[in-house]
Amino acid sequence: MTEFLWRLPSRGDGRRARPELRHRGGFWDPAPTPATGIGVPRPADREPTDVRPGRFGPFDDLHQVIDAAELAGLDGVLAPYDPLGEESWIVAGGALRATRHTRVIVEFQPAFGTPVYASKMSATLQRLSGGRLGWRLAVDTDAEDGRSRGDRVTGDDRYTRAAEFLTVARGVWNSEPVPGAGFRGTGVEFAGEYFDVIDGGFRGVLSGLPFPEVHLTGTSAAALDLSARHGDVHLFTETPNGPARALGALRARTAETGRTVRAGLELPIIARETEDEAWARAERQWREVRPDGPGARALSLGDGRWAGFDVLGYPQTAGLVGSYEQVARQLRAYAAAGFDTVVLTGHPHIEEVHRAGEHLLFLADPAARTLKEAAV
């Protein structure tokens, strides 16, 4: 069975390719506050699409995306780390509260706090959500982001720190119930380069809970080694040469460590009833940001793969464009190659989530998502 997740928006949403023209969620278009009714002047091309300014907050729109993902049959959502967007821990907590079955993956940078603090927050979220929280560590952030957070750790040292972070986090976590004993821990000791713990370990209500599934990314030797030793799922992106070589490198590392790490892909998609409709959508968005020069199809990689999504404001360069059947066929090919987790995304998110749920997922994974007649 393929697990399908949806990457949530972190800076608003909308139909337009240019992020500054996406007004949903309160980004790029400050609405008048209910208290004063005073807003700021808007350029002519940025008139609001919400005729009820000030009545709804940013999370009202985000909640609809989260709700749509659960109703459409997605297995979970990813609250991405975005230094210029919504805080992923807050979004993840809201998503867990707003859903009943959806798994929620929170992406965060290991320098945001101590691993003990991250584990304690996660234990509470696991307890309140029935164990639906997962982690994704944003290790390989850019230097400017690190400097803005006061983080001086760079290069492969970031992976050394991440390894210590996960070692400590798993060490203080107790999946079996442990009786409370005041401020006493369970004897966990750790002395590392970045973290030190004395008599750590959770007891009482913070124990007896499942540790969050750990998602990691990257194709460098340090990234693959971190996953081979500490990860549960490693996510790749599509490339002009395909992701098979990177998957092979991961498998070689896990063979050395003796651990099983599942593989996944992050894929923006534009899927419609017909191939022509899908390419028409891609072309409209492409011309919004590239009005001159070659059209969108010039970046086609074959098999429905397209290398122009980053120009449209997506974090990934390559994704899928085509009819529902064509996109589903490529998703089945990924599954056959060993990728059993797929993080999809597309904007506007609410509409694209429903398209994926109603027209795509059952074609991509028919064995797991098609009702069968019960045996008599």
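Residue numbers start at 1 and run along the sequence shown.
Inter-residue side-chain proximity for Val321 and Phe309 is flagged as met; some heavy-atom pair is nearer than 4.5 Å. Side-chain contact between Thr317 and Thr237 is absent, with no heavy-atom pair separated by less than 4.5 Å. Under the 4.5 Å side-chain criterion, counting only non-hydrogen atoms from C-beta, Arg253 is in contact with Arg229. Considering only heavy atoms from C-beta on, Glu325 comes within 4.5 Å of Leu363 through its side chain. Looking at Leu8 and Val65, their side chains come closer than 4.5 Å, going by heavy atoms from C-beta outward. Annotation: side chain of Arg132 is in contact with side chain of Thr99 (closest heavy-atom distance under 4.5 Å). At least one side-chain heavy atom of Asp151 sits less than 4.5 Å from a side-chain heavy atom of Arg161. For the pair Arg281/Gln285, a side-chain contact is recorded, criterion being any heavy-atom separation below 4.5 Å from C-beta on.
Note: Leu265 CG to Gln316 CD = 10.0 Å, rounded to the nearest 0.5 Å. Ser323 OG to Arg272 CZ: the interatomic distance, rounded to the nearest 0.5 Å, is 12.0 Å. Note that OH of Tyr159 and OG of Ser227 are 9.0 Å apart. Values are rounded to the nearest 0.5 Å. Rounding to the nearest 0.5 angstrom, the gap separating the CZ atom in Phe195 from the OG1 atom in Thr167 is 10.0 Å. Distance CG/Leu78 to OG1/Thr345: 9.0 Å, rounded to 0.5 Å. Here the OG1 atom belonging to Thr219 is positioned 7.0 Å from the NE2 atom belonging to His234, to the nearest 0.5 angstrom.
Side-chain atoms of Ser88 and Glu107 include no donor-acceptor pair closer than 3.5 Å. For the residue pair Glu3/Thr341, the side-chain donor-acceptor check at 3.5 Å is satisfied.
Remark: the backbone N or O of Ala222 is not paired with any side-chain donor or acceptor of Asp156 at under 3.5 angstrom. Between the side chain of Asp142 and the backbone N or O of Glu144, at least one donor-acceptor pair lies under 3.5 Å. Using modelled atom types, no side-chain atom of Glu266 and backbone atom of Leu235 make a donor-acceptor pair closer than 3.5 Å. Distance alone, capped at 3.5 Å, is enough to place a donor-acceptor pair between the Arg158 side chain and the Gly155 backbone. With Asp75 contributing its side chain and Leu5 its backbone, the two residues share no donor-acceptor pair below 3.5 Å. Remark: side-chain polar atoms of Trp286 are paired, donor with acceptor, to backbone N or O of Pro294 under 3.5 angstrom.
Linking ILVMFWY residues whenever their side-chain heavy atoms come closer than 4.5 Å, directly or via other members, places Leu74 and Leu267 in the same cluster. In this structure, Leu71 is not a member of the same hydrophobic cluster as Leu361, with clusters built from ILVMFWY side-chain heavy atoms closer than 4.5 Å. When hydrophobic clusters are built by joining Ile, Leu, Val, Met, Phe, Trp and Tyr residues whose side-chain heavy atoms come closer than 4.5 Å, directly or via intermediates, Val233 is not grouped with Leu331. With hydrophobic clusters built from ILVMFWY side chains whose heavy atoms lie under 4.5 angstrom apart, Val343 does not share a cluster with Leu320. Under the 4.5 Å side-chain heavy-atom criterion for Ile, Leu, Val, Met, Phe, Trp and Tyr, Leu312 and Ile269 are members of distinct hydrophobic clusters.
The local environment of CZ in Arg259 is crowded, with over 12 non-hydrogen atoms from other residues, nucleotides or ligands closer than 6.0 Å. Within a 6.0 Å sphere centred on CZ of Arg97, other residues, nucleotides and ligands contribute 12 heavy atoms or fewer. Heavy atoms from other residues, nucleotides or ligands lying under 6.0 Å from CD of Glu176 number 12 at most.
A salt bridge is defined here as a Lys NZ or Arg NE, NH1 or NH2 lying under 4.0 Å from an Asp or Glu carboxylate O, and Glu351 with Arg355 fails to meet this definition. Between Arg16 and Glu288 there is a salt bridge, since a side-chain N of the basic residue sits under 4.0 Å from a carboxylate O of the acidic one.
What you find for Thr186 and Gly201 is that their closest heavy atoms are OG1-CA, 3.2 Å. Closest non-hydrogen pair, Asp13 versus Pro348, comes out as OD1-CA, 3.4 Å.
Screening Trp173, Phe108, Tyr81, Phe112 against Trp135 for a ring pair (Phe, Tyr, Trp, His ring centres under 6.0 Å) leaves a single residue, Phe108.
Under the ring pair (Phe, Tyr, Trp, His ring centres under 6.0 Å) criterion, no residue pair touches residues 326-346, with sequence neighbours excluded.
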